[in-house]
Enquirer: 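My questions will all concern the structure given below.
All heavy atoms count here, side chains included; hydrogens, waters and symmetry mates do not. Values in this document were obtained by computation on a predicted structure and should not be read as measured data. Every chain is numbered from 1 and lettered A, B, ... according to where its sequence line falls, protein lines coming before strand lines.
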Amino acid sequence: MTIKLYNTMTRSVDEFHPLHPPVVSLYTCGPTVYNYAHIGNLRTYVFEDILVRALKLAGYQVNRVMNVTDVGHLVSDADSGEDKMEKGARREGKTIQEIARSYYDAFVADMNRLNLLPPEQWCWATDEIDTQKAQVEALAEKGFTYVIEDGIYFDTSKFPDYGKLSGQNLEDLKAGARIEPAAGKKNPTDFAVWKFSPKNEQRLMEWPNPCGIEGKGFPGWHIECSAMAIKYLGETLDIHCGGIDHVKVHHTNEIAQAEGALGHPWCRWWMHGEFLTMPKDDGGGKMSKSSGEFLTLAVLIRNLLQRGVSSETDAALSYRYFLLNAHYRQQLTFTWDGLEAAANAYKNLKRAVLELRASYTGGETPLADHENKFNEAVLDDLNMPRALAAMWTVIKADAPAGEIYATLLKMDEVLGLGMAEMEEEALAIDPAEIEKLLEERTAARQEKNFARADEIRDQLAEQGIEIMDAAGKTTWRRL
RNA sequence: GGCGGCGUAGCCAAGUGGACUAAGGCGACGGAUUGCAAAUCCGUUAUUCGUGGGUUCAAAUCCCACCGCCGCCUCCA
């Protein structure tokens with residue numbers, strides 16, 4: 001099956017074919033581990049997870065690398081300001097290694113809760129300093145860099161294609177620049193590939209400078225991705241993804257470095273996930289990790305539990321469902337009402353899945369028409385809203401329940417909503433006790449003592465038991 | 001100020017020239033069912049796609065203008 005994907009570089013949806021089938025090499029920009037990921041960050045990782053699953057659906061084998069940034073990411077603009085990791089460590093009174101580890105663990109926990117497939121390879125910026133220095137040296141040898149007081153800079157005027165990803169040329173960028181370029185930079189768009197340690201201040205992380213320059217320093221933020229991606233995935237990369245905000249600076253600079261060092265085109269495809277934004281009356285705009293004001297998955301889950309969602313798993317996957325309801329290239333506004341609607345939909349889905357599973361023997365095959373419709377949507381630039389529509393259609397299809405269930409399991413390989421793992425919640429009450437109460441209630445109803453009958457019903461409801469009066473017989477289930 | 005995007009039912013959201021007499025979900029309403037509910041099932045819920053023009057045999061889909069919203073241009077997913 002062929003898959004069509006949007007390519008930021010060409011600004012069009014085209015058929016995607018890897019360079020070396022059946023393997024697709026994929027690099028996904030990962031977190032800077034100085035704080036928790038927020039639900040906006042997580043939207044991008046959910047998009048990438050869908051991409052991986054869609055590529056597998058198309059028959060490919062995905063070799064995905066994701067980096068963990070634990071050095072060099074500065075808090076301020078124009079290659080100045082503190083290192084985010086050093087600032088984070090100071091804020092918490094811990095070592096950099098401690099906060100890196102704990103926020104990485106938190107990130108992996110979030111990934112697991114959202115059913116995100118792990119990358120084939122994680123790589124940490126501080127483990128790959130030599131790789132990055134080698135790229136700096138390769139750039140220096142080819143004349144792409146110059147040295148000023150605070151570091152080694154990439155001269156963007158030496159790279160004719162600079163800005164091709166965002167469709168801007170150097171002149172536009174100069175004209176639109178609102179901030180003063182750092183002192184000594186030749187062009188506003190030039191960026192540090194290596195920063196020298198400040199003279200009057202002891203850095204927590206520093207390494208001997210490359211290019212035979214005396215003293216110590218640390219890698220520029222952009223260099224890690226281009227250096228590590230090449231090390232782990234080779235000189236030509238099939239797909240590189242990240243958040244939409246990375247188009248203009250981070251990925252643009254990565255291209256300049258990588259192609260400058262390699263001397264040939266690097267990534268065959270670029271994909272970017274749009275932002276999750278907050279409504280105006282709720283702070284407004286996109287969420288900002290650096291401002292410290294943001295919503296984490298843990299807080300979102302806690303909120304959903306208070307709103308009656310029955311478990312952490314259901315809450316997390318309700319968020320996944322919420323994201324799947326919108327296309328990845330479309331901005332999505334986060335609202336609690338919207339999330340609650342998704343949680344309701346997820347609950348209804350779970351009910352249907354559990355009911356259908358009861359008829360499933362394991363031998364049924366998926367319903368081809370429905371499966372095709374679903375696949376078509378997924379392979380058309382990851383149109384998950386349409387894919388979800390196909391999912392609901394099969395749930396209501398006039399077909400044997402076991403076959404519907406088999407179809408859902410197949411769809412869930414892409415959806416990742418954990419259908420096979422869906423389980424009833426644990427009971428807060430002994431089933432024998434429930435039966436006893438139901439008998440009492442049935443007797444009360446026969447005597448037309450409805451007050452007592454309703455009392456029992458309310459009592460059970462409080463313990464998460466819902467009772468259903470069907471013809472002649474009353475059954476129960478978990479709410 | 002420059003660049004980009006969006007505006008589809010109460011809400012979220014697909015569709016981007018003819019199969020649209022516009023998916024799907026949430027919500028709401030009506031019916032069946034019930035002692036009453038819940039759950040379930042059936043049905044209803046945009047003659048219309050921000051507004052006004054235009055192009056076309058044909059437009060939610062293309063063009064122009066206007067109104068409104070959002071993002072980027074600063075670290076950022």
Enquirer: Distance check, C1' atoms only: B:C49 and B:A22, in whole angstrom units.
Expert: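 One C1' to the other, the span is 8 Å.
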Enquirer: OH of A:Y34 versus C1' of B:C75: gap in Å, rounded?
Expert: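 My rounded result for the distance is 7 Å.
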Enquirer: Just to verify, what does A:F107 make a ring pair (Phe, Tyr, Trp, His ring centres under 6.0 Å) with, not counting sequence neighbours?
Expert: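 Once residues adjacent in sequence are excluded, the partners of A:F107 under the ring pair (Phe, Tyr, Trp, His ring centres under 6.0 Å) criterion are A:Y45.
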Enquirer: Holding to ring pair (Phe, Tyr, Trp, His ring centres under 6.0 Å), I want the full list of residues that pass it with A:F218, two or more places apart in sequence or in another chain.
Expert: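 Checked A:F218 against ring pair (Phe, Tyr, Trp, His ring centres under 6.0 Å); zero matches.
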Enquirer: A:H370 and A:T407: side-chain donor and acceptor closer than 3.5 Å?
Expert: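 On atom types as modelled, these side chains do not qualify, holding no pair under 3.5 Å.
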Enquirer: Let me know, please, whether A:D454 or A:V249 comes out on the 5' side of the other along RNA chain B by nearest nucleotide.
Expert: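 Counting from the 5' end, the first nearest nucleotide belongs to A:D454.
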Enquirer: List for me each residue that meets ring pair (Phe, Tyr, Trp, His ring centres under 6.0 Å) alongside A:Y103, sequence neighbours excluded, and say none if there are none.
Expert: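 Partners of A:Y103 by the ring pair (Phe, Tyr, Trp, His ring centres under 6.0 Å) criterion, ordered by chain and then number, come out as A:Y36.
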Enquirer: Give a yes or no answer on whether the side chain of A:S25 reaches the backbone of A:D238 with a donor-acceptor pair at less than 3.5 Å.
Expert: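 Answer holds: yes.
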Enquirer: When you look for runs of 3 or more Watson-Crick or G-U pairs in a row, both distances below 3.5 Å, which of them include RNA chain B?
Expert: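 As far as RNA chain B goes, consecutive pairing (with distances under 3.5 Å) yields the stems B:1-7 with B:67-73, B:10-12 with B:24-26, B:27-32 with B:40-45, B:50-54 with B:62-66.
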Enquirer: Could you give the CZ-to-C1' distance, from A:F275 to B:C75, as a whole number of Å?
Expert: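 It works out to 11 Å between those atoms.
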Enquirer: Please check the phosphate of B:G25 (OP1 and OP2 only) for any side-chain N or O of A:K347 closer than 4.0 Å.
Expert: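 So the side chain of A:K347 is outside the cut-off, no N or O lying under 4.0 Å from OP1 or OP2 of B:G25.
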Enquirer: Under 4.0 Å between any heavy atoms, over every strand shown, what does A:R452 touch: base, sugar-phosphate, or nothing? Just pick one.
Expert: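 Nothing: the residue A:R452, judged by heavy atoms under 4.0 Å, touches no strand.
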Enquirer: Give the nucleotide from the list B:C75, B:A77, B:A37 with an atom nearest to the side chain of A:K84.
Expert: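 Of the options given, the side chain of A:K84 lies nearest B:C75.
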Enquirer: Show every donor-acceptor pair shorter than 3.5 Å between a side-chain atom in residues 450-460 of chain A and any protein atom, with sequence neighbours excluded, or say none if there are none.
Expert:
| residue | atom | partner | partner atom | Å |
| --- | --- | --- | --- | --- |
| A:R452 | NE | A:E440 | OE2 | 2.8 |
| A:R452 | NH1 | A:E455 | OE1 | 2.9 |
| A:R452 | NH2 | A:E440 | OE1 | 3.4 |
| A:R452 | NH2 | A:E440 | OE2 | 2.7 |
| A:D454 | OD1 | A:R457 | NH2 | 3.3 |

Enquirer: List every contact pair, protein side and nucleotides 27-31 of chain B side both N or O, where the distance is under 3.5 Å.
Expert:
| residue | atom | partner | partner atom | Å |
| --- | --- | --- | --- | --- |
| B:G27 | OP1 | A:N344 | ND2 | 3.4 |

Enquirer: Taking the same atom, C1', in B:G17 and in B:A59, what whole-Å distance lies between them?
Expert: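 Pairwise C1' distance, B:G17 against B:A59, rounds to 6 Å.
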Enquirer: Checking A:N67 now: which residues fulfil side chain to side chain donor-acceptor pair (under 3.5 Å) with it, not counting sequence neighbours?
Expert: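 So A:N67 forms a side chain to side chain donor-acceptor pair (under 3.5 Å) with A:Y27, A:T69, A:E224.
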Enquirer: Using the C1' atom in both, what is the distance from B:A13 to B:U8, to the nearest Å?
Expert: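 Between the two C1' atoms, the distance is 9 Å.
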Enquirer: Got a salt bridge between A:E423 and A:R357, using NZ or NE/NH1/NH2 to carboxylate O under 4.0 Å?
Expert: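 Counted as a salt bridge, because a side-chain N and a carboxylate O are separated by less than 4.0 Å.
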Enquirer: Have a look at A:G242 and say if it touches a base, only the backbone sugar-phosphate, or nothing, with a 4.0 Å heavy-atom cut-off.
Expert: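 A:G242: backbone/sugar contact only, no base atoms under 4.0 Å.
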Enquirer: Taking atom P in both B:G5 and B:C62, what distance in whole Å separates the two?
Expert: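 B:G5 and B:C62 have their P atoms separated by 12 Å.
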Enquirer: In whole angstrom, give the distance that lies between atom CG of A:L276 and atom P of B:A13.
Expert: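 Nearest whole value for this atom pair: 11 Å.
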Enquirer: Taking the C1' atom of each, how far is B:U61 from B:G7, in whole Å?
Expert: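 To the nearest whole Å, 14 Å.
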Enquirer: Using the P atom on both, measure B:G50 against B:C12 and round to a whole Å.
Expert: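 To the nearest whole Å, 14 Å.
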Enquirer: Which one of A:T189, A:N253, A:D190 satisfies the side-chain hydrogen bond (donor to acceptor under 3.5 Å, both in side chains) criterion with A:Y162?
Expert: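 When side-chain hydrogen bond (donor to acceptor under 3.5 Å, both in side chains) is applied between A:Y162 and each of A:T189, A:N253, A:D190, only A:N253 qualifies.
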Enquirer: Picking from B:A37, B:A38, B:G25, which would you name as closest to the side chain of A:R457?
Expert: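 The nucleotide sitting nearest to the side chain is B:A37.
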Enquirer: Where do N or O atoms of nucleotides 3-12 of chain B meet protein N or O atoms at under 3.5 Å, pair by pair?
Expert:
| residue | atom | partner | partner atom | Å |
| --- | --- | --- | --- | --- |
| B:C12 | O2 | A:N325 | OD1 | 3.1 |

Enquirer: If I take atom NE2 in residue A:H222 and atom P in nucleotide B:U74, what distance separates them, rounded to the nearest angstrom?
Expert: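 Interatomic distance, NE2 of A:H222 to P of B:U74: 12 Å.
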Enquirer: Would you mind classifying the nucleic acid contact of A:K373 as base, sugar-phosphate or nothing, using non-hydrogen atoms under 4.0 angstrom?
Expert: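 The residue A:K373 makes no contact with any strand.
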Enquirer: What is the distance, rounded to the nearest whole Å, between atom CD1 of A:I467 and atom P of B:A38?
Expert: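 Spelled out: CD1 on A:I467 to P on B:A38 is 13 Å.
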Enquirer: Salt bridge check, A:R53 against A:D49: does any charged N sit closer than 4.0 Å to a carboxylate O?
Expert: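 Result for this pair is yes, salt bridge flagged.
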Enquirer: Separation of A:Q446 atom CD from B:G35 atom C1', in whole Å?
Expert: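 From A:Q446 CD to B:G35 C1': 13 Å.
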Enquirer: Please report the distance, rounded to the nearest Å, between CD1 in A:I244 and C1' in B:C73.
Expert: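 Distance, rounded to whole Å: 14 Å.
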Enquirer: State which residues pass salt bridge (charged side-chain N to carboxylate O under 4.0 Å, His left out) with A:E413; sequence neighbours excluded, sorted by chain then number.
Expert: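 Checked A:E413 against salt bridge (charged side-chain N to carboxylate O under 4.0 Å, His left out); zero matches.
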Enquirer: Exactly one of A:R329, A:R386, A:K4 should register a salt bridge (Lys or Arg N to Asp or Glu O under 4.0 Å) with A:D381. Which one does?
Expert: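 Among the candidates, only A:R329 passes.
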Enquirer: With distance as the sole criterion, is a donor-acceptor pair present between the side chains of A:T10 and A:S12 under 3.5 Å?
Expert: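 Their side chains do contain a donor-acceptor pair, which is all the 3.5 Å distance test asks for.
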Enquirer: When the C1' atoms of B:G52 and B:G68 are compared, how many Å lie between them, rounded to an integer?
Expert: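 Taking atom C1' in both B:G68 and B:G52, they lie 15 Å apart.
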Enquirer: Who pairs with A:T2 by side chain to side chain donor-acceptor pair (under 3.5 Å), at least two apart in sequence or on another chain?
Expert: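 Per chain and number, A:T2 pairs via side chain to side chain donor-acceptor pair (under 3.5 Å) with no residue.
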Enquirer: Atom OH of A:Y346 to atom C1' of B:G24: distance rounded to whole Å?
Expert: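 Whole-Å distance recorded here is 18 Å.
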Enquirer: Applying a 4.0 Å non-hydrogen cut-off, can you work out what A:H327 is touching in the nucleic acid: base, sugar-phosphate, or nothing?
Expert: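 Touches sugar-phosphate only.
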Enquirer: If we take the P atom in both B:C72 and B:G27, what is their distance in whole Å?
Expert: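 My reading of the P atoms in B:C72 and B:G27 gives 33 Å.
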Enquirer: Short of 4.0 Å, heavy atom to strand atom, which residues of residues 380-395 of chain A count as contacting RNA chain B?
Expert: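 Here the set is A:N383, A:P385, A:R386, A:A389, A:W392.
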Enquirer: Base, sugar-phosphate or nothing for A:H250? Non-hydrogen atoms, less than 4.0 Å.
Expert: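 The answer is nothing, as A:H250 stays clear of every strand by at least 4.0 Å.
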Enquirer: Can you sort out the partners of A:Y405 under ring pair (Phe, Tyr, Trp, His ring centres under 6.0 Å), two or more places apart, ordered by chain and number?
Expert: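 Only A:Y360 meet the ring pair (Phe, Tyr, Trp, His ring centres under 6.0 Å) criterion with A:Y405.
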Enquirer: Can you see whether A:W476 engages A:E435 through a side-chain donor-acceptor pair at a distance of less than 3.5 angstrom?
Expert: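 On atom types as modelled, these side chains qualify, holding a pair under 3.5 Å.
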